[in-house]
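Some notes on the structure that comes next.
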Amino acid sequence: MPLDSGFFDSEHEAFRSVVRQFVDREVAGHLDDWDERGIIDRGTWLSAGKHGLLGFAVPAELGGGGTDDYRFRCVLAEELAAAGAASLNSSFALQDDVFLPYLLRLGTPEQHRRWLPGLCAGELIGATAMTEPSAGSDLQGIKTTARPDGTDWILNGSKTFITNGIHSDLVIVVARTGDGGGKEPGPPPFGLFVVERGNAGFERGRKLRKIGLQAQDTAELFFTDVRVPAENVLGDPGRGFVHLMENLPRERLSIAVTSLAAATSALSWTADYVRERHAFGKPLAAQQTIQFTIAEIATEVDVTRSYVHAAVRAINDRRLTAVDAAKAKWWATELHKRTVDRCLQLFGGYGYMAEYPIARAYVDARIQTIYGGANEIMKILIARDVLGKFS
Ligand SMILES: Cc1cc2nc3c(=O)[nH]c(=O)nc-3n(C[C@H](O)[C@H](O)[C@H](O)COP(=O)(O)OP(=O)(O)OC[C@H]3O[C@@H](n4cnc5c(N)ncnc54)[C@H](O)[C@@H]3O)c2cc1C
């Protein structure tokens, strides 16, 4: 029994049964088809909405789960990882852990009524567009602009690598609203603008081809004189950078939780495999070198679980700091990458065959150390916390 065995209670386990039903009926048989087409069916989103898997933190009267308990999101991540459904998990996580927190924190009551019920039902899909061809880690390089025109704003620019880019009905676009005058220290003013499917001047580019997360629709987005009414502005259009910073701990914890879940599943598949697979007249599991590898992986995963679960408790208590989330993100994602690599090795040639879940897990893992703030950026934040002005 893991040291942290009291982490989930009976409510989470009851929810786990609901998620398993969803996975059995709506996910397990579709993974290859989604990967081949490079997109997940919209019907899966609707079914997820019906099963109560979207919008945990949204008030119940607006269609959500009405809970801030992040452990429900952990259960979902664990069950999707066990099914090898990393693309679906990444798309759902983008909606629940990145898109919705902005809307919940910054949205007006009218915006909440207009969008939250559809997002919880899976009828509306959200995307968050920060990255541009020349601005990824360094968001201060964003070139997309929003120019005021009466009470409206006019958006021009382009974004790339946007998760849910093809499916999205609502896109939070980060755009520059001024040049800062070159006088004030700190980032120039940015705003967050909700662009809707069908808005004139909003076009989607290519569905990007990737090495992993094949079914997650990642796309380029283009904005040419897109008119955004005042009702679609989120928060203060001069303080977008601050708004972005406020949500980073949750986004990074979400990635850490996903990585922990994926590493746990990889270990479980591999332990089963080495018990079954024979070489030199005995199961692989009877070889001491293999036992040692499994022991090392199991220990690393459990130690990581302790830290990530402490971070989950902290976010539930509203005390997760940006630095602690950065530590969880870089540590868990590096562990994830290392674990799937070592596990795949124990599968031998079969691990390289696409039909084995460990093969898909291997390529899906690679992005974890890059998006949501690359791990080098996590280390800059952590070093700054430890060393202060020296970093
Ligand atoms: C599948 C996928 C989905 C994505 N989804 C979204 C999304 O939904 N919305 C969105 O806005 N973005 C999204 N992204 C973009 C992602 O967040 C960026 O790719 C990431 O932030 C890195 O930015 P970059 O690619 O421009 O790399 P760069 O910023 O060019 O960095 C390249 C390398 O240099 C390192 N580096 C950069 N600066 C420093 C420094 N000061 N010191 C040391 N090393 C440094 C980086 O860590 C990295 O290793 C997605 C990307 C992918 C691949």
Side-chain angles (χ1 to χ4, degrees), residues 34-35 38-40 86-103 125-144 157-176 187 190-195 204-223 234 240-241 243-245 247-248 250-252 254-255 258-259 262 325-326 329-330 333-334 336-337 360 363-384 387 390-391:
W34 292 343
D35 273 5
I39 200 151
I40 293 157
S87 291
L88 186 62
N89 182 56
S90 168
S91 292
F92 285 177
L94 192 285
Q95 174 125 324
D96 249 72
D97 291 331
V98 187
F99 184 92
L100 276 170
Y102 289 120
L103 191 49
I125 296 176
T128 309
M130 303 177 225
T131 306
E132 300 184 358
S134 57
S137 302
D138 182 9
L139 290 176
Q140 294 193 37
I142 284 176
K143 293 199 177 86
T144 297
S158 67
K159 299 287 178 180
T160 193
F161 301 154
I162 305 307
T163 301
N164 299 342
I166 300 294
H167 268 331
S168 53
D169 304 291
L170 304 172
V171 185
I172 297 175
V173 181
V174 182
R176 191 178 277 263
F190 289 108
L192 308 184
F193 302 89
V194 181
V195 173
R204 294 161 215 264
R206 293 176 295 144
K207 174 153 61 66
L208 299 167
R209 289 184 61 214
K210 312 188 288 298
I211 60 168
L213 294 185
Q214 297 289 358
Q216 183 232 57
D217 58 306
T218 314
E220 297 171 307
L221 305 177
F222 300 97
F223 309 92
L234 274 186
F241 209 76
H243 297 326
L244 291 180
M245 296 301 120
N247 196 47
L248 289 179
R250 186 182 177 99
E251 179 177 353
R252 289 170 181 166
S254 169
I255 295 172
T258 294
S259 278
K329 197 264 174 182
W330 98 254
T333 56
E334 294 290 349
H336 178 186
K337 224 168 58 173
R360 185 187 271 121
V363 284
D364 288 345
R366 191 60 189 85
I367 187 58
Q368 296 289 103
T369 59
I370 298 172
Y371 66 8
N375 281 8
E376 291 73 17
I377 304 303
M378 300 304 101
K379 290 180 198 173
I380 290 173
L381 284 173
I382 298 161
R384 196 176 292 151
L387 300 172
F390 289 101
S391 68

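Just follow the structure's listing: the first ligand is 1, and inside any ligand the first atom is 1.
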So is [X] polar-close to ligand 1, meaning N/O to N/O under 3.5 Å?
{"X": "T163", "result": "yes"}
{"X": "E376", "result": "yes"}
{"X": "T128", "result": "yes"}

Quiz prompt | Protein non-hydrogen atom found under 4.0 Å from atom 34 (O) of ligand 1 | solution = no

Quiz item: Right, does atom 12 (N) of ligand 1 have protein non-hydrogen atoms nearer than 4.0 Å?
Solution: yes

Nearest neighbour in protein (non-hydrogen) for [atom]:
{"atom": "atom 41 (N) of ligand 1", "value": "I380 CD1, 3.6 Å"}
{"atom": "atom 1 (C) of ligand 1", "value": "K210 CD, 3.8 Å"}
{"atom": "atom 39 (C) of ligand 1", "value": "I377 CD1, 3.9 Å"}
{"atom": "atom 51 (C) of ligand 1", "value": "F161 CB, 3.5 Å"}
{"atom": "atom 18 (C) of ligand 1", "value": "T131 OG1, 4.1 Å"}
{"atom": "atom 24 (P) of ligand 1", "value": "G136 CA, 3.9 Å"}

Has [X] got a side-chain atom pairing as donor or acceptor with [Y]'s backbone, closer than 3.5 angstrom?
{"X": "Q95", "Y": "S91", "value": "no"}
{"X": "D217", "Y": "I39", "value": "no"}
{"X": "R252", "Y": "G372", "value": "yes"}
{"X": "K210", "Y": "Q216", "value": "yes"}
{"X": "K143", "Y": "A135", "value": "no"}

Self-check item: Side-chain ion pair, R250 and D97, N-O less than 4.0 Å
Solution: yes

Self-check item: Salt-bridge contact E334-K337 (side-chain N to carboxylate O under 4.0 Å)
Solution: yes

Quiz prompt | 4.0 Å heavy-atom contact, I367 with ligand 1 | solution = yes

Using a strict cut-off of 4.0 Å, indicate which atoms of ligand 1 neighbour a heavy atom of [X].
{"X": "A374", "result": "46 (C), 47 (O)"}
{"X": "M130", "result": "10 (C), 11 (O)"}
{"X": "I370", "result": "20 (C)"}
{"X": "Y371", "result": "2 (C), 3 (C), 4 (C), 16 (C), 17 (O)"}

Spacing of [X] atom [atom1] and [Y] atom [atom2] [to the nearest 0.5 Å]:
{"X": "T369", "Y": "K329", "atom1": "OG1", "atom2": "NZ", "value": "6.0 Å"}
{"X": "K159", "Y": "T144", "atom1": "NZ", "atom2": "OG1", "value": "4.0 Å"}
{"X": "L100", "Y": "L103", "atom1": "CG", "atom2": "CG", "value": "6.5 Å"}
{"X": "D169", "Y": "I125", "atom1": "CG", "atom2": "CD1", "value": "6.0 Å"}

Quiz item: Who's closest to atom 28 (P) of ligand 1 heavy-atom-wise, of S91, S137, P133, G165?
Solution: S137

